[in-house]
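The structure appears right after this line, and notes come after that.
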Amino acid sequence: MARISLMFWCGLGAALGALGCGSDEPVEPPGTKPPEPPVTVDAGPGGEEAACAPLGGTVVVSQEDGITPSLLWANGSYLIAWQTRTGGTEEVRVARIGTDGSVSPAHVVATLVGSHALPTLQATSSGPMVTWEDTGPSGLVIQAHALGADGTPTGQPLQLGTSDASEARPATAPMAGGIAVAWMETPGARLGLVSGGGMSSTTALPGARFPALASRGNELAVAWSTGAELSVARTTGMPGGSVTGTVVRTGAGEARLPSVAIDASGASLVAWEDTREGSERIYLTRVSPSGAKEGEVRVEDAEGSANWPAVAVMGERAAVAYYQFQEGPSSIFLSVFGPGLARDGGTLRVSGKNARFPAVAFTGSELGVAWAEKDAGIRMRRVACD
């Protein structure tokens with residue numbers, strides 16, 4: 001069965017080719033496809049229906065080969081950023097998606113020197129911002145660009161930092177007076193605050209891999225892996241020195257690719273990819289504002305390698321999107337959990353086959369779920385949850 005290994009992070013484009021997932025859907029112009037029937041998966045002996053259902057059809061954002069989308073709800077519409085591959089050129093693009101499924105023309109934010117960007121969208125006090133990585137003269141460069149309401153790049157790009165790692169994987173979260181940014185370097189990761197015209201301060205995260213950030217007001221949640229251990233830390237404002245987290249996972253296998261959010265009660269919800277059983281699974285934990293772990297649950301309720309979790313909070317509920325290989329090519333799935341990590345209904349299959357790299361955003365009334373399909377571009381779907 002196909003898996004994401006550490007080699008994947010050394011060359012995203014090469015790994016995608018090796019995984020060999022071709023699309024079984026025809027290429028279509030940007031717009032809305034006819035509605036596709038939701039598929040529910042039995043979450044237990046009760047055979048529950050899914051807590052969520054699609055609103056309309058799948059939105060075709062781009063018909064060109066693309067990977068690793070990021071999704072943001074801002075100014076009454078969705079913004080989506082992704083890396084596209086056109087005629088041998090790698091670019092970071094951003095487009096606006098209306099709630100009616102309309103897609104604005106995409107804006108090219110950057111033409112890449114390297115082969116992977118991992119773009120991330122974030123709202124700031126001055127408007128949306130996209131962050132990505134690229135190859136520089138002596139390693140990786142973490143860059144950012146301010147955006148207009150429709151995704152138009154404004155001003156000049158800003159260099160946030162550099163990394164000597166094979167992948168920087170920048171993560172962002174808005175803070176009072178700036179934006180928190182974390183990225184991988186050798187032999188750990190770094191957390192910094194961007195304010196005004198550049199980086200104002202940084203803190204080392206020794207040994208950390210795959211850093212993830214979330215904020216609520218001026219509260220910052222930081223999650224990271226050190227291999228077998230997964231840690232979560234909370235700070236008010238940016239930390240002035242070292243960061244000490246609560247270890248929420250240890251033991252056999254590894255924790256990878258955490259995704260973190262802060263719910264209405266102030267608790268941190270962390271989903272991650274876990275290899276304790278050999279094949280990749282997705283787990284979710286809840287950590288109180290004081291740092292106490294409050295349970296853990298396996299997210300997917302069917303067999304098959306599961307990868308790339310993306311978590312969003314809906315009040316005190318958590319929605320986790322991921323891709324999974326269920327007896328064939330991968331699809332995007334969505335699971336919802338209540339305050340006590342109790343499963344809320346069955347699992348919704350959001351996409352067709354050959355879909356990977358989900359991103360999720362909550363508007364206050366609905367979820368947006370975006371993903372990439374091999375050779376079929378970038379797709380997005382609106383989802384309503386009871």
Side-chain angles (χ1 to χ4, degrees), residues 38 50-56 58-59 61 66-74 77-82 94-97 99 101 118-123 128 130 171-174 210 212-216 221 223 257-264 268-273 282-286 297 299-300 306-324 330-338 343-352 355-373 378-386:
C52 306
L55 293 171
T58 299
V59 177
V61 179
I67 54 174
T68 58
S70 177
L71 196 63
L72 174 70
W73 174 256
S77 61
Y78 294 98
L79 284 183
I80 184 168
W82 71 98
V94 177
R96 174 188 174 277
I97 305 172
T99 53
L118 294 165
T120 300
L121 284 166
Q122 194 55 258
V130 61
T172 59
F210 311 118
L213 303 179
S215 62
R216 188 179 182 89
L257 308 182
S259 175
V260 61
I262 301 176
D263 72 10
S268 300
L269 280 302
V270 186
W272 71 95
E273 188 178 297
I282 306 297
Y283 281 83
L284 175 69
T285 191
R286 187 176 191 271
V297 63
V299 171
E300 81 281 7
N307 312 82
W308 205 275
V311 63
V313 294
M314 304 181 294
E316 293 190 9
R317 294 193 296 171
V320 184
Y322 54 96
Y323 73 83
Q324 187 177 23
S330 58
S331 295
I332 307 300
F333 295 89
L334 183 72
S335 299
V336 177
F337 297 86
R343 189 179 297 274
D344 189 351
T347 298
L348 175 71
R349 187 191 303 267
V350 180
S351 76
R356 299 190 181 191
F357 312 122
V360 62
F362 183 54
T363 71
S365 60
E366 67 178 50
L367 290 167
V369 184
W371 65 91
E373 290 188 14
I378 303 297
R379 309 292 176 92
M380 182 266 192
R381 203 163 199 181
R382 297 167 56 220
V383 174
C385 300
D386 296 333

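Values reported hereafter were calculated over all heavy atoms of this structure, with side chains retained and with hydrogens, waters and symmetry mates removed. Computed from a predicted model, the values in this text were never measured in an experiment.
Annotation for A264 and R216: closest pair CA-NH2, 3.5 Å, computed over non-hydrogen atoms. In this structure, S335 and F337 approach most closely via the heavy-atom pair CB-CE1, 3.7 Å. Across C385 and L367, no two heavy atoms sit closer than the pair SG-CD1, 3.7 Å. Across all non-hydrogen atoms, the minimal contact from G352 to S331 is O-OG, 3.1 Å. Counting all heavy atoms, side chain and backbone alike, A173 lies closest to Q122 at CA-NE2, 3.7 Å. Taking each heavy atom of A359 and L71 in turn, the nearest pair found is CB-N, 3.9 Å.
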Hey, mind stepping through W371 and I332 against side-chain contact (heavy atoms from CB on, under 4.5 Å) and telling me if it holds?
CA-CA 8 Å; W371 65 91; I332 307 300; 3.7 Å; yes
Let's go through V311 and V360 carefully: what are the C-alpha distance in whole Å and the side-chain angles of both, what is the deciding distance for side-chain contact (heavy atoms from CB on, under 4.5 Å) to 0.1 Å, and is it a yes or a no?
CA-CA 7 Å; V311 63; V360 62; 6.0 Å; no
Any chance you could lay out the side-chain contact (heavy atoms from CB on, under 4.5 Å) test for I282 and E273, step after step, and finish with the verdict?
CA-CA 5 Å; I282 306 297; E273 188 178 297; 4.3 Å; yes
Begin from the C-alpha positions of L334 and V383 and carry the test side-chain contact (heavy atoms from CB on, under 4.5 Å) through to its verdict.
CA-CA 10 Å; L334 183 72; V383 174; 3.9 Å; yes
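Side-chain atoms of T172 and T120 include no donor-acceptor pair closer than 3.5 Å.
Take R382 and apply the salt bridge (charged side-chain N to carboxylate O under 4.0 Å, His left out) test, not counting sequence neighbours, and it matches E366. Not counting sequence neighbours, R96 has no partner by the salt bridge (charged side-chain N to carboxylate O under 4.0 Å, His left out) test. Looking at residues two or more places apart in sequence or on another chain, you find a ring pair (Phe, Tyr, Trp, His ring centres under 6.0 Å) between Y78 and W73.
Side-chain contact between L72 and P128 is present, with heavy atoms from C-beta onward closer than 4.5 Å. R286 places a side-chain heavy atom less than 4.5 Å from the side chain of D263. Side-chain contact check for T99 versus S77: every heavy-atom pair is 4.5 Å or farther apart. Residues R317 and D344 meet the side-chain proximity criterion, which asks for heavy atoms closer than 4.5 Å.
Between F357 and W308, the ring-plane angle classifies as perpendicular under the 30° and 60° cut-offs.
The main-chain N or O of P174 is found under 3.5 Å from a side-chain atom of S215 such that the two form a donor-acceptor pair. At distances below 3.5 Å, at least one donor-acceptor pair connects side-chain atoms of R343 with backbone N or O atoms of V299. Between the side chain of S330 and the backbone N or O of Y323, no donor-acceptor pair lies under 3.5 Å. Using modelled atom types, no side-chain atom of T285 and backbone atom of V270 make a donor-acceptor pair closer than 3.5 Å. S70 contributes a side-chain N or O that, together with a main-chain N or O of L121, makes up a donor-acceptor pair within less than 3.5 Å.
Checking each of F333, Y322, Y283 against E300 for a side chain to side chain contact (heavy atoms under 4.5 Å, CB included) leaves exactly one that passes, namely Y322.
Between atom OG of residue S351 and atom CD of residue E373 there is a gap of 6.0 Å, rounded to the nearest 0.5 Å. How far CG of L55 is from CZ of R381: 9.5 Å, rounded to the nearest 0.5 Å.
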